[in-house]
Amino acid sequence: MYGEAQISGNSDRTAFRRAEKKYKLFKTSLGRRKSVKPVDLSEVFDFRAILESYNRDGGTPDGIVRHRCGFDLPVFGFEDRPGFYFIPGALSVEEQCHWIKESLLNFPQPPNRTNHTAIYGPIHELFIEAQKKRVLIEADSLDVDVDSTDFDSINANANAPKWQFCEEGCEVPKAGSCRSISACSLLRKLRWSTLGLQFDWSKRNYDVSLPHNKFPETLHQLAKRMAVPAMSEKEEFRPEAAIVNYFGSGDMLGGHLDDMEADWSKPIVSMSLGCKAIFLLGGNSKEDFPVAMFLRSGDIVLMAGQARECFHGVPRIFTDDENAEISPLVSQLSRQDDLCFLDYIRTSRININIRQVF
Ligand code: OGA
Ligand code: MN
């Protein structure tokens, strides 16, 4: 499901795949010049433009509804897609910056798992180590006293971290067995982290036996507030887990269903941060033709009820200055201390996807 844009061969079988192919990033190289194939965006719904025109004259385009749900911000949806809610510009630029920093500094911290955990074990302070240009090195290849490898010390070392951060250019034996990777490259390859109850991607289920932190309180409050349009008055949304997705240029999230939670009537609250993306919302089958829409930094989407059973995905993010549409973030993150976050988010998108599991 997660990976580089790789749609090839006889992959145009379904309507969903054809739409992914239409919008995905195609890079062609003509000699030494790399260029991006232009995409026809004329059929992509733009809820910011819909909001602006709604604010002018109170109307919505054909097929678009404004949900009357007593929420303090306008909430839109599609006439023929019950359970789908779009809240354009739901988060202020200050809130966006707060969640970008949390997603980079705190959310990938152990015991939360990331796509790197299975390979390297728990990695602490990845973002900070990347700023320090440090390198993760397999502990076996570091200078250790080989004579002391009796059974006791082997057992004592069984729980020692296998990988450790070192200064760039630190002393490692020249042996061919030395494995290392820079923190910068690990940060670039960070694709997901999980909050609260930990999701096991290999088994595609929640593993309650995995150590985990309590779901972050401020994110809990935000998700509860934002879920209101998709909840009946008597119900309460109880966020228990979140998946944080990190997208770089050329990354996509293939069409999928989130079907691992027990109660599908409860919404998934999904917030977008950073570069603009295209989101595809399909039907119950990949044969159903999906609608495409832009997701910008600060937008929130809710998927509840019937929309929970719909295929969806992100075929494309835009990282070029003209299309990324992150100028409010650029101004907000221009202080010296914040430039490291700006440097990351200029070419990235973060999505925080909050769920009630039970
Ligand atoms: C997901 C998901 C959508 C997005 O993580 O399950 O659908 O906007 N993410 O990134
Ligand atoms: Mn999903």
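Both ligands and their constituent atoms are indexed starting at 1 by order of listing. Only a predicted model underlies this, so the values are computations on that prediction, with no experimental measurement involved.
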Review point. Tell me the salt bridge (charged side-chain N to carboxylate O under 4.0 Å, His left out) pairs involving residues 266-279, sequence neighbours left out?
Key: Glu235-Lys266, Asp263-Lys266, Lys276-Glu325
Practice item. Between His312, Arg355, Met303, flag the one that comes closest to atom 7 (O) of ligand 1 by a heavy atom. Key: His312
Exercise for review: Determine, using heavy atoms of Ile243 and all atoms of ligand 1, whether some pair is separated by less than 4.0 Å.
Suggested key: no
**Study point:** Within 6.0 angstrom of Asn106 CG, more than 12 heavy atoms from elsewhere
**Key:** yes
Check your understanding: What's the atom name of the N, O or S in Asp258 nearest to the Mn ion (ligand 2)?
Key -> OD2
Exercise for review: Please confirm whether Phe247 comes under 4.0 Å of ligand 1, counting heavy atoms of the residue only.
Suggested key: yes
Study note, to complete from the structure: Within 4.0 Å of some non-hydrogen atom of Leu295, the atoms of ligand 1 are 8 (O)
Study note, to complete from the structure: Asp258 heavy atoms within 4.0 Å reach ligand 1 at atoms 6 (O)
Exercise for review: Specify side chain, backbone, both or neither for Leu253, according to which of its non-hydrogen atoms lie closer than 4.0 Å to ligand 1.
Suggested key: side chain
Check your understanding: Within a reach of under 6.0 Å around NZ of Lys133, are more than 12 heavy atoms found that belong to other residues, nucleotides or ligands?
Key -> no
Practice item. Using the six-membered ring of Phe341, assess whether NZ or CZ of Arg346 lies under 6.0 Å from its centre and within 45 degrees of the ring axis. Key: no
Review point. Does even one non-hydrogen atom of Met252 get within less than 4.0 Å of ligand 1?
Key: no
**Study point:** Residues forming a salt bridge (Lys or Arg N to Asp or Glu O under 4.0 Å) with Asp46, sequence neighbours excluded
**Key:** Arg296
Check your understanding: Between Asn351 and ligand 1, does any nitrogen or oxygen pair lie at a separation below 3.5 Å?
Key -> yes
Check your understanding: Taking the six-membered ring of Phe247, is NZ or CZ of Arg349 closer than 6.0 Å to its centre and within 45° of its axis?
Key -> yes
Exercise for review: Output yes when Asp200 and Arg113 qualify as a salt bridge under the 4.0 Å nitrogen-oxygen rule, no when they do not.
Suggested key: no
**Study point:** Vertex the Mn ion (ligand 2), arms to His312 NE2 and His256 NE2, rounded to 10°
**Key:** 90°
Check your understanding: Is Glu95 atom CD crowded by more than 12 heavy atoms from other residues, nucleotides or ligands, each under 6.0 Å away?
Key -> yes
Study note, to complete from the structure: Note: ligand 1 atoms sitting under 4.0 Å from heavy atoms of Arg349 are 4 (C), 8 (O), 10 (O)
